[in-house]
2 protein chains.
Amino acid sequence: MGEKRIRNMEEFAAVSGISRPTLSKYFNDPDSVRRTTRERIEAALSQYDYRPNVYAVNQNRRKTRNIGIVVPNLADPFFSEIGREVELACMAAGYSPILLSSHGNPAQERVNLESLRALKPAGVLLAPFGKASDRADIERFSKDVPVVTFDANIEGVCEAFVGTDNFQCVDLMVEYLCRSGEPPCFFEMKTPSNPNANKRRQAYLEAMARHGFAPHIHQVPGEGWKFEEIGATEGGKLMAAGAFETDTVLCSNDRLAIGMLSAAYELGMQVGHGKGCVLRIAGQDDHPFSRYTCPPLTTIAQDYGAIANRAASTLFGIIENETRLTEREETLFEGTLVMRASA
Amino acid sequence: MGEKRIRNMEEFAAVSGISRPTLSKYFNDPDSVRRTTRERIEAALSQYDYRPNVYAVNQNRRKTRNIGIVVPNLADPFFSEIGREVELACMAAGYSPILLSSHGNPAQERVNLESLRALKPAGVLLAPFGKASDRADIERFSKDVPVVTFDANIEGVCEAFVGTDNFQCVDLMVEYLCRSGEPPCFFEMKTPSNPNANKRRQAYLEAMARHGFAPHIHQVPGEGWKFEEIGATEGGKLMAAGAFETDTVLCSNDRLAIGMLSAAYELGMQVGHGKGCVLRIAGQDDHPFSRYTCPPLTTIAQDYGAIANRAASTLFGIIENETRLTEREETLFEGTLVMRASA
DNA sequence: AAAAATAATTAACGCGCGTAAAATTTAAGT
DNA sequence: ACTTAAATTTTACGCGCGTTAATTATTTTT
C-alpha cells in the first residue's frame, strides 16, 4: 500500500508512468482509455491511493456529476424513504447525490435551490411543496439546470414529473371500502399545500359518484406539518361529535390517519372491521409506521422504488443526451391496496 | 438588479471599483475590511448578484467551511430530528453542513467518512453506530479531521462526546415505575450495536438494586434496524407466553416499545395504568411518534436541541482555535420523564 | 498640519486539474 | 511488413480564487 503520499495528478503520473492527460481521461471515464492502460492505472491506484481533488475537478469541468435532491421534509419518514431510494439511484449511476431537506418550509426550498446553484449540479430531483412552492423561482431555476419533479407535480414546470396515480389509488380504496362495508367519508386538511391532496379529493368525488354514493368531505383547519396532531385533535372532535355520516373514514394521507387512530383510542372507539368495531379508518401512502398502529392501518402503498428510479433515470437521460425534453413527460405509477385491520 | 452577468471576481472588481484582493478578504471575512469599503462592496453586491465560485474557493483555501454530519440512519425519525438540529447549528455559525446517512449500514459509515475526506471538511459531527462502527477507521479519520461524536460514544476516540446520561434517565424511569406500580422488567435486543443500550441495561440493574427489587432482563434475537418489527414479534411472543415477571416492561428504546404496543393490541392486552389494564409499557428517547401510539407512550425525553448545539459548538471551538483538545471531553445532558398513558 | 498607523491597490505566482494541438507511439487490418 | 486508425505523450494554456510583497492611498494620532 501507500508508499508515499501523492499530492496531485502530476505526481501520480510520475509514479504510475502514465501521462497526466491520459489520467485525466481515465478519471472522467475509465472506459475511454485502452484496456492495458486502464489496468496499469488501476494497478498503480491500488498501490498509491490517490484521488483527484474534487474542487479542482469541478472547477474546470463544465458540468459536475452532482445531483441535487430536494425534499420538503426529511422528518417525514415518507420522504426520508423516497429520498434514500433516489440517493441510491444516483450513486448507482455514478453521480454524487446531495440530499437537502426544506424542513417543511417553502422558503427553505428557495434557499436550497440557491445553494444548489452554487454547486453547479448536472441536474436536480425535486419533490416540491406544490402550491406552496415558489413556482416562478423553480421555473427560473429549471431554465439553468434540468429538473425532474417527483411526488408532487407543478403543472407545466420542469422537464418531467414522476408520481403516483392518485385517481387509481383512491378508486382502488373506495371500491374496496364500498364493497366491504359502508361507503367512506373523506377526511383532509382545509388548506393542503400538497397537490396530491387536491387530486385525491377530486378522485374521491368521482369514485363515489361512480359507485352511486353521496360523498361526504370533512375539511379541518390546521397549518404546518404536524399532521398526526391535526388528525388527532380535529379528527377527534369530529368523531366525538358523531360528525361522520358513515362508519368509514378515508384519510387524505396516513399521517392524518395515524392521528385519528390515536384519537379514536382515546375516545374508546374500537376501529376496524371485526365485531365490536364502530369505525373503519383508512389512509394513503403506506407510511413506514402504519404497520404498527393500533389497529394496523389499511392503506394504499406507493411504489417508492419505482418512482425514485424512474425520476432518476429520466434525469440521467436528459443529462447524458445534453438535450432537454421536447415535450414534458408525466409518469404515474399505480398504487396497491394494503389491507390491514383498520378498514 | 442584475445588469450583466458577472463571471468572476475580476469582473466584479471592475464593476464595483474594489480591487480583487480586497474582495477576496471581504468574502473570507466581511469584518476584515474597512466599514466604508464593506458598504461599497455590499452596494455593488445588491446590484450585480455575484457569488464566489465555491470550487475555486475551496481548492485554494487550506480549510473549507464545510462540516460533515454523519448519522446512522435518517429513516429513523430520532436521527432526522437531531440531524436537523445539528444542521441548523452549523448554518447559524456560518458553516456549510453536509448531512449524510449511513442507512443503517456500518460499512456505509466508512464510505461516508471517505467521501467526506474528499470534501476537506473543517470538522465532522458523527453519531456513530457504536460497537458496529469501525473504531480504527474512525480513529484514523479523526487524526486528519477534528471529530465530535454525539448520541453514541466510542470510548477514547474523537475529540469529544455529547450525549444523554443514560444512568440518570433510566434511574428516573425506574424510580417512577417502582413508585407507581410493580417494578419493571427490561426488554431489549440480544445484540444491540448501540452503546447506549448497554449503558441502559447496566443502569437498569443498578437502579433495581438500589430500589431493592430483583431485575428481570429479557433479550430477544433480531438484527438490523427494524426495531418495531422485532418489538412486535419477539415482544409479542413474550407477552403471549406470560414471560414477564411483573406487569411492567421498560423497553430499551421507543421503537421497540412501539412494536410491543402493536403486539399487545393484537393480543387484546390492554396497556396502561388505568383500570382494566394488564400491562404497563415504557420506552426511552421520546420518539416523535410516541405521542400517537395507542396508548400514548410514557418515555424519557432526550434534549435533542441541547445535544446538537453543544456538539456543534464544541466542534466550532476546536476549529476556530486550530488546536485539538488537550483532554477528551464528555458531556451528558439529563433526560426528562414524559408521562403518558402507557405506564 | 505633519507623522504614524492602517487599509487598499498593483502585480504576480500558485493551486490541481481540464483540455486542446501537435508529435509520437501502439494496435489493427490486409 | 506496410498502411491506417486509434491511443498516448508533450507542451502549453486557462479556470477562478488565495495569497504575498511592494507600493500607494487613507485614516488616525498628537
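Numbered from 1 within each chain, the chains take letters A, B, ... in sequence-line order.
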Extract from the structure each pairing of a protein N or O with an N or O of nucleotides 3-7 of chain D at less than 3.5 Å, listing the distance.
residue, atom, partner, partner atom, Å
D:dA7, O4', A:Arg34, NH2, 3.3

Taking salt bridge (charged side-chain N to carboxylate O under 4.0 Å, His left out) as the definition, give me every residue that meets it alongside B:Glu11, ordered by chain and number, with sequence neighbours left out.
none
With sequence neighbours left out, write down each residue that passes salt bridge (charged side-chain N to carboxylate O under 4.0 Å, His left out) with A:Arg110, or none if nothing qualifies.
A:Asp134
Between A:Thr64 and A:Asn58, is the side chain to side chain donor-acceptor pair (under 3.5 Å) condition met? List the steps.
CA-CA 6 Å; A:Thr64 68; A:Asn58 284 330; 4.8 Å; no
Ignoring hydrogens and angles, tell me if any N or O in the side chain of A:Asn112 forms a donor-acceptor pair with the backbone of A:Ser101 under 3.5 Å.
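Answer holds: yes.
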Interatomic distance, B:Arg35 CZ vs D:dT28 C1' [rounded to whole Å]:
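For the pair B:Arg35 CZ and D:dT28 C1', the rounded distance is 15 Å.
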Write down the distance between CG (A:Asp29) and P (D:dT8), rounded to a whole number of angstrom.
12 Å
Sequence neighbours excluded, the answer for side chain to side chain contact (heavy atoms under 4.5 Å, CB included) partners of B:Ala127 is B:Val71, B:Pro72, B:Phe79, B:Phe150, B:Asp151
Apply side chain to side chain donor-acceptor pair (under 3.5 Å) to [X] and list each qualifying residue two or more places apart in sequence or on a separate chain.
X: B:Arg51; result: A:Glu114
X: B:Asp144; result: B:Arg117
X: A:Arg140; result: A:Asp137

Table please: side-chain donor-acceptor pairs of residues 82-97 of chain A below 3.5 Å, with sequence neighbours left out.
residue, atom, partner, partner atom, Å
A:Arg84, NE, B:His103, ND1, 3.2
A:Tyr95, OH, A:Glu320, OE2, 2.7

Here's a test of your reading of the structure: between A:Thr36 and B:Gly17, which maps to the more 5' nucleotide of DNA chain C?
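Whichever sits nearer the 5' end wins; that is B:Gly17.
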Closest to the 5' end of DNA chain C, once B:Leu23 and A:Phe27 are matched to their nearest nucleotides, is B:Leu23
Chain A contact limits on DNA chain C, taken 5' to 3' with a cut-off of 4.0 angstrom to heavy atoms
C:dG16 to C:dA27
What nucleic acid atoms does A:Tyr50 come within less than 4.0 Å of, heavy atoms only: base, sugar-phosphate, or nothing?
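Sugar-phosphate only.
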For residues 12-27 of chain A, tabulate all N or O donor-acceptor pairs below 3.5 Å that involve a side-chain atom, not counting sequence neighbours.
residue, atom, partner, partner atom, Å
A:Ser16, OG, A:Phe12, O, 2.7
A:Ser16, OG, A:Ala13, O, 3.4
A:Ser16, OG, A:Ile18, N, 3.4
A:Ser19, OG, A:Thr22, OG1, 3.0
A:Lys25, NZ, A:Ser32, O, 3.3
A:Tyr26, OH, A:Glu42, OE2, 2.8

Can you give me the N/O atom pairs linking the protein to nucleotides 10-14 of chain D at distances under 3.5 Å, or say none if there are none?
residue, atom, partner, partner atom, Å
D:dA12, N6, A:Arg20, NH2, 3.4
D:dG14, N2, A:Asn60, OD1, 3.3

Taking side chain to side chain donor-acceptor pair (under 3.5 Å) as the cut-off, I'd like each qualifying pair that reaches into residues 68-78 of chain B, sequence neighbours left out, listed once.
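As it turns out, the side chain to side chain donor-acceptor pair (under 3.5 Å) pairs with a partner in residues 68-78 of chain B, which skip direct neighbours, are B:Asp76-B:Arg255.
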